[in-house]
Structures are given as C-alpha cells and as structure tokens.
Amino acid sequence: MFNKLQYISQGETAEKQLYNIHQALDAGCKWIQMRFKNQTFENRIILAEAVKNLCEEYLATFIVNDDVLLAHKIGADGVHLGLTDMNILAARAILGDTKIIGATANTFEDLLLQTKNGCDYIGLGPFQFTETKEKLSPILGAEGYVSILNKMKSENITTPVYAIGGITLENIESLMKTGVHGIAVSGMITKSLQKEKLVQQLNDKLHADVII
Ligand SMILES: Cc1ncc(COP(=O)(O)OP(=O)(O)O)c(N)n1
Ligand SMILES: Cc1ncsc1CCOP(=O)(O)O
Ligand SMILES: [Mg+2]
C-alpha cells in the first residue's frame with residue numbers, strides 16, 4: 001500500500017526545488033511528487049533526473065506532476081494528473097500497469113470517473129485555502145470529505161484517497177476519521193524549520209488508530 005504522506009515539491013528554480021526535496025527526504029519523507037510549473041521541458045528533465053537519483057538513494061517513491069512523457073522518459077515511479085491534464089486511460093497506455101497514476105478529484109463525480117479510468121489513487125481537494133496553487137477548485141472542508149468518502153463506501157470504491165490543500169498538523173485527526181488513506185502536503189513541510197520533527201509528528205498522526 002502507498003505511503004500515507006506525499007510531499008509535493010516547491011521552488012522557483014531547479015536548485016531550490018532540489019534543495020527542498022533533499023530536505024524533505026532527509027526529514028523522512030518517502031514519497032515525492034515533483035511539481036515544477038512553467039518551465040521548459042529541458043529544465044524539468046534535468047531536475048527530474050536529479051530527483052530520481054536522490055529518491056533512489058533514499059528508497060523513496062518518485063512521481064512527476066502533470067507530465068506523462070517526462071515520467072516515462074526518465075523512468076519515474078509514476079505521475080499525478082489533474083482534471084485538465086492527460087486522461088488517465090491515455091497515460092496508462094504510455095506508462096503501463098506497473099506505474100503509479102494519481103488523479104485529482106474535487107467532487108464525487110470526478111472521483112467516479114477517475115477511478116473508472118483506473119487511477120491508482122485520488123488526490124481529493126482542496127481541503128481549505130492554500131497559496132500553493134492558483135485557480136483553486138471549490139473548497140471541500142471536512143464536510144465535503146465526509147460526504148464524498150461516504151458515497152465511496154456505499155459504492156464500494158476502495159481506491160486510496162489523499163486529502164490535499166492547506167493541510168496542517170491540527171487537521172489530520174479529523175481528516176483521517178473521514179476515511180482518507182493519507183495526505184499530500186507542500187507548504188507545511190517546505191516552510192517548516194523543524195522538518196524531521198514535523199514529519200515524525202505527521203506520521204504518528206497518520207498511523208494512529210482512528211476512533212470514528
Ligand atoms: C496528490 C495530488 N492531488 C492533487 C493535485 C492537484 O493536481 P492538479 O489538479 O493537476 O493541479 P496541479 O498540481 O497540476 O497544479 C496534486 N498535484 N497532487
Ligand atoms: C497542488 C494542489 N492541488 C490542490 S491544493 C494543492 C496545493 C497543496 O499544497 P499545500 O499543502 O501547500 O496547500
Ligand atoms: Mg496538474
């Protein structure tokens with residue numbers, strides 16, 4: 001089963017991205033999503049090669065945001081695709097069955113479509129406002145997760161769901177009670193001055209027994 005904590009990278013330059021990813025790995029993150037927007041393919045491939053090597057060294061899973069061809073070219077562990085990115089079926093045809101394909105959902109209907117198309121996990125959000133992403137979809141809040149996760153249960157959909165968007169340490173207990181598998185975070189880890197302690201606290205909360 002997938003790690004319960006996914007770190008989504010930040011950084012305006014390749015150097016800053018690599019630094020932030022290295023710090024996250026040092027702090028104990030075992031799953032990295034490289035999210036490096038508005039860059040040339042060449043810049044992204046140079047960074048992706050370096051991140052791939054680093055993730056191999058740290059025995060961490062490495063997926064690429066948005067770009068199936070880049071993930072395929074460098075042999076990443078997978079991709080994360082949003083609602084306006086490449087379709088999951090097309091991505092699967094390129095990457096094959098052994099690679100991880102994550103898909104975004106903001107509604108139950110999105111989730112149904114993405115799971116029918118065979119994604120391996122869902123990134124469901126945003127949970128709350130975040131400055132990390134522009135043009136956010138409608139905010140779900142805890143109620144949104146309860147409603148969507150309950151519908152999933154009644155339809156017997158078992159694809160793991162990751163909560164995403166503005167998540168802080170204090171939100172994890174209530175989010176886990178909704179039935180999500182884990183969380184995907186960017187700002188909380190990138191900005192932390194005590195990353196190792198934070199990642200430990202996150203993992204403790206993500207792995208705590210949930211009393212519903
Ligand atoms: C785990 C996870 N969930 C959701 C997203 C958002 O993807 P997308 O909607 O394509 O937005 P961008 O990240 O591309 O701006 C994600 N990246 N990861
Ligand atoms: C990529 C993405 N998609 C929805 S919210 C988000 C950003 C998550 O970052 P943060 O944890 O800093 O809010
Ligand atoms: Mg995207």
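The structure displayed is predicted, hence computed values, not measured ones. Indexing begins at 1, ligand by ligand and atom by atom, following the structure's order.
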Show which atoms of ligand 1 fall inside a sub-4.0 Å distance from at least one heavy-atom site of [X].
X: T104; result: 4 (C), 5 (C), 6 (C), 7 (O), 8 (P), 9 (O)
X: Q33; result: 1 (C), 2 (C), 16 (C), 17 (N), 18 (N)
X: G82; result: 8 (P), 9 (O), 10 (O)
X: I8; result: 18 (N)
X: A184; result: 1 (C)

[atom] [closest protein heavy-atom partner, distance rounded to 0.1 Å]:
atom: atom 2 (C) of ligand 1; answer: H80 CE1, 3.2 Å
atom: atom 11 (O) of ligand 1; answer: K133 NZ, 3.0 Å
atom: atom 14 (O) of ligand 1; answer: K37 NZ, 2.6 Å
atom: atom 15 (O) of ligand 1; answer: R35 NH2, 2.7 Å

Out of curiosity, does [Y] fall in the hydrophobic cluster containing [X] (side-chain heavy atoms, cut-off under 4.5 Å, transitive links)?
X: I63; Y: Y7; value: no
X: I21; Y: M188; value: yes
X: Y121; Y: L175; value: no

Can you give me a line-by-line list of nitrogen or oxygen pairs between ligand 2 and the protein shorter than 3.5 Å?
from, atom 1, to, atom 2, distance (Å)
ligand 2, 11 (O), S186, N, 2.9
ligand 2, 12 (O), T132, OG1, 2.4
ligand 2, 12 (O), G187, N, 2.7
ligand 2, 13 (O), T130, OG1, 2.5
ligand 2, 13 (O), G166, N, 2.7

### Query
Regarding E170 and T168, is there a side-chain donor-to-acceptor distance under 3.5 Å anywhere?
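Yes.
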### D204 side chain to Q200 side chain, donor-acceptor N/O pair below 3.5 angstrom
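Yes - a donor-acceptor pair under 3.5 Å links their side chains.
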### Task
Ignoring angles and geometry beyond distance, decide whether D66 reaches within less than 3.5 Å of ligand 1 through its nitrogen or oxygen atoms.
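Such a contact does occur with ligand 1.
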### Message
Are D120 and R92 packed together at the side-chain level, in the sense that at least one heavy-atom pair is separated by less than 4.5 angstrom?
### Response
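They are in side-chain contact.
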### Task
For residues I183 and L202, determine if any side-chain heavy atom of one lies less than 4.5 Å from a side-chain heavy atom of the other.
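Answer yes - side chains close enough.
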Is it true that a side-chain atom of [X] and a backbone atom of [Y] form a donor plus acceptor pair closer than 3.5 Å?
X: D77; Y: T61; answer: no
X: Q17; Y: G11; answer: yes
X: K4; Y: N203; answer: no

### Task
Would you mind listing every side chain to side chain donor-acceptor pair (under 3.5 Å) that reaches into residues 140-151, with sequence neighbours excluded?
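Applying side chain to side chain donor-acceptor pair (under 3.5 Å) to every pair that reaches into residues 140-151, excluding sequence neighbours, yields nothing.
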### Message
Suppose you place the vertex at the Mg ion (ligand 3); what is the angle out to D66 OD1 and D85 OD2, to 10°?
### Response
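Value returned, to the nearest 10°, is 90°.
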### Query
Of all the heavy atoms in E134, does at least one lie under 4.0 Å from an atom in ligand 1?
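Outside the 4.0 Å threshold, so no.
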### Query
Among D67, T104, N65, D85, which residue meets the side-chain hydrogen bond (donor to acceptor under 3.5 Å, both in side chains) test with H80?
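For H80, the side-chain hydrogen bond (donor to acceptor under 3.5 Å, both in side chains) test succeeds with only one of D67, T104, N65, D85, which is T104.
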